[in-house]
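The structure appears right after this line, and notes come after that.
Naming: A, B, ... by sequence-line order, numbering from 1 per chain. Because only heavy atoms are used, hydrogens play no part in the values below, and waters and symmetry mates are left out as well, while side chains stay in.
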Number of protein chains: 2
Amino acid sequence: MSRKRFDDMNCGVAQALETLGDWWTLLIVRDAFFGARRFSEFEHSLGIAKNILAARLRRLVEHGVFERVASGATGERHEYRLTAKGQALLPVLVALREWSDEWVYGRGHEPIIFRERATGRRLPRLRVTNRDGEELKSKDILATPGPGATLETRQRLTPRTKD
Amino acid sequence: MSRKRFDDMNCGVAQALETLGDWWTLLIVRDAFFGARRFSEFEHSLGIAKNILAARLRRLVEHGVFERVASGATGERHEYRLTAKGQALLPVLVALREWSDEWVYGRGHEPIIFRERATGRRLPRLRVTNRDGEELKSKDILATPGPGATLETRQRLTPRTKD
DNA sequence: ATTGATGGTTGCATGATGCAACCATGCGGT
DNA sequence: ACCGCATGGTTGCATCATGCAACCATCAAT
């Protein structure tokens with residue numbers, strides 16, 4: 001059977017995974033952040049099959065994460081560039097990388113370190129905070145229905161909203 | 001052919017996806033953040049097939065994201081609880097949700113809003129910043145080899161490190 | 001004209017997924 | 001003790017997605 005769709009789930013995580021959840025997709029985006037632009041760059045960097053790469057890029061273009069722009073002289077060459085929507089995925093990639101740096105590799109064994117280009121300083125850890133900058137754990141957070149919530153979502157979330 | 005493994009990729013994003021990249025995995029983790037504990041809770045909340053859910057939970061327990069603890073009276077009942085490693089995925093989920101809130105649903109159409117439980121205030125957007133708290137875009141960031149970098153990684157990243 | 005690189009598409013074998021059916025255990029009621 | 005039901009799975013099977021190899025079309029250089 002075909003993979004189940006997440007579109008209707010009325011949850012941002014599910015929606016994001018609907019676009020990004022394929023096996024290779026986030027790695028293609030990562031490579032684009034590292035500077036990859038052309039089909040062959042992604043292909044060689046990832047070792048991905050051409051048909052899969054072509055399908056993923058097509059899908060990402062459809063979803064507005066990449067744009068396909070003509071490149072080179074007169075030829076049929078083109079590049080795949082991240083759109084603003086694609087560049088907005090930076091926090092997702094940073095969050096994934098930080099998680100495995102800490103919990104898979106362990107501190108002191110990170111393969112890659114992100115630094116501020118201007119100063120060379122390491123970036124501080126990504127933090128989920130309140131408006132005062134205090135870090136929050138999951139137990140400090142309450143999920144409430146937003147304007148786009150379906151009735152089902154509204155009922156699922158305890159309705160002690162402070163709006 | 002079996003899916004290609006990302007283990008050897010010497011990149012945190014690939015490592016994280018090796019653990020979390022299956023279609024349902026991050027949604028299971030999301031449900032756990034929302035309070036799900038028992039097999040049937042995940043099953044009904046997600047509408048996932050039992051065999052897939054069982055396989056994913058087993059894998060997540062193996063990877064240390066969940067722990068399986070006995071529950072109830074004498075019975076064979078048990079719960080799946082997030083470990084510290086699992087709870088550390090909060091920024092990943094928040095980043096994914098924020099991305100689709102902004103770029104898929106659009107502002108004003110968010111299905112779910114996260115608030116600080118103590119005050120009811122909305123959480124500020126997750127930001128990738130430098131040590132002075134200034135937000136950085138991808139072009140402001142430089143990737144450099146870390147202590148766990150392979151030779152290949154070292155060569156791939158331009159070696160203008162400021163260590 | 002030929003060679004090579006780029007950027008794909010097509011076909012096929014195999015693994016992963018979804019669904020339904022079945023199973024084992026514990027518990028509550030009678 | 002017996003029945004029924006909920007929980008928490010496992011097993012089988014049909015179908016979809018993936019990986020690999022082969023092939024193709026275009027362009028540039030030789």
What's the closest nucleotide to the [X] side chain, out of [options]?
X: B:H78; options: D:dG8, C:dG8, C:dG15; result: D:dG8
X: A:A49; options: D:dC20, C:dT9, C:dT17; result: D:dC20
X: A:A54; options: D:dG19, D:dG8, C:dT9; result: C:dT9
X: B:R38; options: C:dG18, D:dG19, D:dG8; result: D:dG8
X: A:R68; options: C:dG18, D:dG9, C:dG8; result: C:dG8

- request: Select base, sugar-phosphate, or nothing to describe what B:Y80 touches, counting heavy atoms under 4.0 Å on all strands.
  value: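 If one applies the 4.0 Å heavy-atom cut-off, B:Y80 turns out to touch the sugar-phosphate alone, with no base involved.
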
[N] [atom2] sits how many Å from [X] [atom1], rounded?
X: A:I48; N: D:dA21; atom1: CD1; atom2: C1'; value: 16 Å
X: B:E41; N: D:dT7; atom1: CD; atom2: C1'; value: 12 Å
X: B:R5; N: D:dT18; atom1: CZ; atom2: P; value: 14 Å
X: B:L27; N: C:dT17; atom1: CG; atom2: P; value: 13 Å
X: A:L53; N: C:dT9; atom1: CG; atom2: C1'; value: 13 Å
X: B:E43; N: C:dC19; atom1: CD; atom2: P; value: 12 Å
X: B:W23; N: C:dG18; atom1: CH2; atom2: P; value: 10 Å
X: B:N51; N: C:dA16; atom1: CG; atom2: P; value: 13 Å

- prompt: Is there a donor N/O on one and an acceptor N/O on the other, under 3.5 Å, for the side chain of A:K50 and the base of C:dG8?
  reply: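 In this structure, the two groups form a donor-acceptor pair.
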
- prompt: Does a side-chain heavy-atom distance below 4.5 Å link B:R56 with B:L27?
  reply: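 Of all side-chain heavy-atom pairs linking B:L27 with B:R56, none is under 4.5 Å.
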
- prompt: How do B:I52 and A:S40 order along DNA chain C: which one's closest nucleotide is nearer the 5' end?
  reply: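 Here A:S40 is the residue nearer the 5' end.
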
query: Salt bridge between A:D22 and A:R3, side-chain N to carboxylate O under 4.0 Å?
result: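 A salt bridge is absent here (no side-chain N lies under 4.0 Å from a carboxylate O).
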
task: Decide whether B:L142 and A:I113 are clustered together by the hydrophobic rule: side chain heavy atoms of Ile, Leu, Val, Met, Phe, Trp, Tyr closer than 4.5 Å, transitively.
output: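 Each belongs to a different hydrophobic cluster.
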
- prompt: With B:V94, which of A:L126, A:V128, A:V13 fulfils side chain to side chain contact (heavy atoms under 4.5 Å, CB included)?
  reply: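 Among A:L126, A:V128, A:V13, the one that satisfies the side chain to side chain contact (heavy atoms under 4.5 Å, CB included) with B:V94 is A:V128.
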
B:W24 side-chain N/O to C:dT17 phosphate OP1/OP2 under 4.0 Å: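 Looking at the OP1 and OP2 atoms of C:dT17, neither is under 4.0 Å from any side-chain N or O of B:W24.
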
query: For D:dT15, does OP1 or OP2 lie under 4.0 Å from any side-chain N or O of A:R3?
result: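 For D:dT15, neither OP1 nor OP2 has a side-chain N or O of A:R3 closer than 4.0 Å.
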
message: Testing the basics here: between A:T19 and A:T25, what is the closest heavy-atom pair and its distance to 0.1 Å?
response: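 Heavy-atom minimum between the residues: O-CG2, 3.9 Å.
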
